[in-house]
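To find a chain, count down the sequence lines: A is the first, B the second, and so on, and within it residues start at 1. Everything numeric here is computed off the predicted structure, so don't read it as measured data.
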Protein chains: 2
Amino acid sequence: MLIGAKRGVEMDKPVERAPVAAATRDARRRLPPGERRQQIVDGAVAFFAEVGLEGNTRDLARRLGVTQSLIFRYFATKDDLIEAVYEQVYLERLSPDWPDRLTDRTTPLRDRLLDFYTQYSALIFQSEWMRIFMFSGLAGAALNRRYLQQLSGVLLKPLLAEVADAATRGPTPTMEDIWNLHGGIVYIGIRQHIYGMPCPDDPSEAIERAIDRFLCAFGVA
Amino acid sequence: MLIGAKRGVEMDKPVERAPVAAATRDARRRLPPGERRQQIVDGAVAFFAEVGLEGNTRDLARRLGVTQSLIFRYFATKDDLIEAVYEQVYLERLSPDWPDRLTDRTTPLRDRLLDFYTQYSALIFQSEWMRIFMFSGLAGAALNRRYLQQLSGVLLKPLLAEVADAATRGPTPTMEDIWNLHGGIVYIGIRQHIYGMPCPDDPSEAIERAIDRFLCAFGVA
DNA sequence: ATTTTTATAGATCAATCGATCAACAAGAAT
DNA sequence: ATTCTTGTTGATCGATTGATCTATAAAAAT
């Protein structure tokens with residue numbers, strides 16, 4: 001639906017131009033394979049995030065300023081390209097030091113939660129991540145479940161232990177309680193990037209209040 | 001991806017059969033237009049919920065046990081069919097008596113919240129609704145935003161007023177706080193039907209605890 | 001300069017898509 | 001039984017899709 005208008009490929013008049021160092025601009029000719037591949041993946045991430053994983057390769061190529069056949073030089077099949085998009089988007093999304101900092105009891109639990117969700121929300125509250133995560137989830141992608149299982153095991157489960165340890169009143173916290181805290185925060189990004197609803201430009205205040213309510217119910221400072 | 005296997009249309013041997021009253025089974029021939037249209041819409045809801053709004057009309061027709069061309073007898077275009085799917089799914093999803101019951105201060109706020117979210121979750125925690133809502137949201141459908149705006153104006157905003165009135169401590173509740181409560185609950189359905197994650201078969205306990213935590217933070221009984 | 005390598009473009013294929021149309025047949029009317 | 005209406009089918013069109021192939025030209029090697 002209303003993807004970019006048809007535009008000429010404008011390959012005439014090879015205007016003289018000083019050689020660019022990074023070579024990310026000047027989407028013209030004969031890039032070293034590594035760069036070209038990365039350029040295609042980056043473009044594909046943005047493109048598929050907008051129009052969905054069923055967006056066609058011709059529109060993607062046009063947006064890249066490149067022929068459609070070139071894409072298939074670097075990826076044997078469209079599914080391979082999508083797989084590369086998944087890897088690019090999912091890779092290293094869970095910072096390896098979060099588990100440690102989340103369980104570091106030398107700092108108050110509230111601060112740990114605040115730090116974690118401030119950083120995590122800054123990382124995932126982006127159109128590309130949010131939408132590709134949702135598209136791939138709906139498509140039943142294995143990477144999606146793997147990500148959530150890892151999130152659960154590496155971050156949320158330790159988090160539950162921390163909350164349980166710090167709790168001074170209320171019911172024994174369960175995994176569902178943690179998911180509820182998590183979901184309520186993530187839902188801000190869903191409202192913004194999936195539903196296109198107006199949202200606070202800075203979600204940190206809403207996040208802080210959600211965390212405080214959560215801890216309050218368990219009698220944590 | 002792995003939609004039903006190719007199967008013959010099995011229209012030979014018109015096995016004698018007693019005329020069925022409801023006529024929902026025996027997807028064979030010459031249904032009155034109203035019934036056939038409804039059958040197509042019902043099938044389309046289930047079909048598009050599974051494979052997405054870009055599922056093709058031939059697979060849908062095959063699933064209905066009907067020719068593809070027949071679909072276009074009842075819907076001039078595929079977009080018209082999708083529009084009918086939207087109407088079918090979105091129609092009357094917000095019960096008209098909820099606003100009144102949600103603001104009926106003769107019953108405790110906790111009971112009202114519990115009643116509302118018990119019924120609401122039972123209504124929307126279904127694959128068809130959840131997935132079509134997400135598909136249409138990603139597609140940028142206008143109906144999607146309209147629904148959320150109505151939800152916000154008719155239910156969540158009054159709810160905010162109720163919470164603000166009942167609050168005895170904590171910060172002044174904001175709309176973002178209500179969205180957080182709502183999102184945390186809805187996220188259960190997202191985990192289940194969009195991400196395909198294991199979830200409690202009965203979410204009412206998780207919902208109850210979420211509501212209690214929310215009210216607790218504002219000092220409501 | 002000349003040759004060699006290969007990244008890229010352009011043309012094109014086969015499959016699939018939404019959509020159309022004429023012919024058929026089920027069921028009501030007579 | 002015959003006619004008439006119209007719900008339904010099967011064949012097919014034109015556009016679009018992912019994917020392939022060959023010719024070209026940019027850049028490295030000589």
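Between the side chain of B:Arg112 and the backbone N or O of B:Leu102, at least one donor-acceptor pair lies under 3.5 Å. The backbone N or O of A:Trp98 sits nowhere less than 3.5 Å from a side-chain atom of A:Ser95 that would complete a donor-acceptor pair.
Put simply, the side chain of B:Ser69 and the base of D:dG10 share a donor and an acceptor less than 3.5 Å apart.
Side chains of B:Tyr90 and B:Asn144: a donor-acceptor N/O pair is present below 3.5 angstrom, by distance only.
Residue contacts for A:Pro33: at a heavy-atom cut-off of 4.0 Å it reaches the sugar-phosphate backbone alone, with no base atom in range.
Look at CD1 on A:Ile82: it is 14 Å from C1' on D:dA19, rounded to the nearest Å. With rounding to whole Å, B:Glu54 atom CD is found 15 Å from D:dT16 atom P. Rounded to whole Å, atom P of D:dT8 lies 10 Å from atom CD of B:Glu35. Atom pair A:Leu31:CG and C:dA9:P shows a separation of 10 Å (rounding to whole Å applied). Atom pair A:Gln68:CD and D:dT17:P shows a separation of 9 Å (rounding to whole Å applied). Distance CG (B:Leu70) to P (D:dG10): 11 Å, rounded to an integer number of Å. Nucleotide C:dT8 holds its P atom 11 Å from the CG atom of A:Leu64, rounded to whole Å. The CG-C1' distance, from B:Asp59 to C:dA15, rounds to 14 Å in whole Å.
Of the candidates D:dA26, C:dG18, D:dG7, D:dA26 carries the atom nearest the A:Arg30 side chain, counting heavy atoms from C-beta on. Distance from the side chain of A:Phe72 is smallest to D:dT20 among C:dA9, C:dG18, D:dT20. Side-chain atoms of B:Thr67 lie closest to D:dT9 of the nucleotides C:dA26, D:dT9, C:dA9. Side chain of A:Arg73, nearest nucleotide from C:dA19, D:dG7, C:dA7: C:dA7.
Contact between the side-chain N/O atoms of B:Arg36 and the OP1/OP2 oxygens of D:dT8 is found at a separation under 4.0 Å. At D:dT17, one or more side-chain N or O atoms of A:Asn56 fall inside 4.0 Å of OP1 or OP2 (strictly under the cut-off). Residue B:Thr77 has a polar side-chain atom (N or O) positioned under 4.0 Å from OP1 or OP2 of C:dA19.
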Applying side-chain hydrogen bond (donor to acceptor under 3.5 Å, both in side chains), run through B:Asn56 and B:Asp59 and close with a yes or a no. CA-CA 6 Å; B:Asn56 64 69; B:Asp59 286 332; 3.1 Å; yes
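Remark: A:Arg191 engages B:Glu176 in a salt bridge, criterion side-chain N to carboxylate O under 4.0 Å. The pair A:Glu50-A:Arg63 meets the salt-bridge criterion, since a charged nitrogen lies less than 4.0 angstrom from a carboxylate oxygen.
Between A:Tyr74 and A:Arg58, it is A:Tyr74 whose nearest contact on DNA chain C lies nearer the 5' terminus.
No more than 12 heavy atoms of other residues, nucleotides or ligands lie within 6.0 Å of CD in B:Glu205, so this atom counts as exposed by the packing criterion.
Checking B:Ile185, B:Thr118, B:Ile188 one by one against B:Pro203, the side chain to side chain contact (heavy atoms under 4.5 Å, CB included) holds for a single residue, B:Ile188.
In the helix from C:dA1-D:dT30 to C:dT30-D:dA1, the terminal helix axes, each the rotation mapping four pairs' C1' atoms onto the next four within five end pairs, subtend 0°, rounded to 10°.
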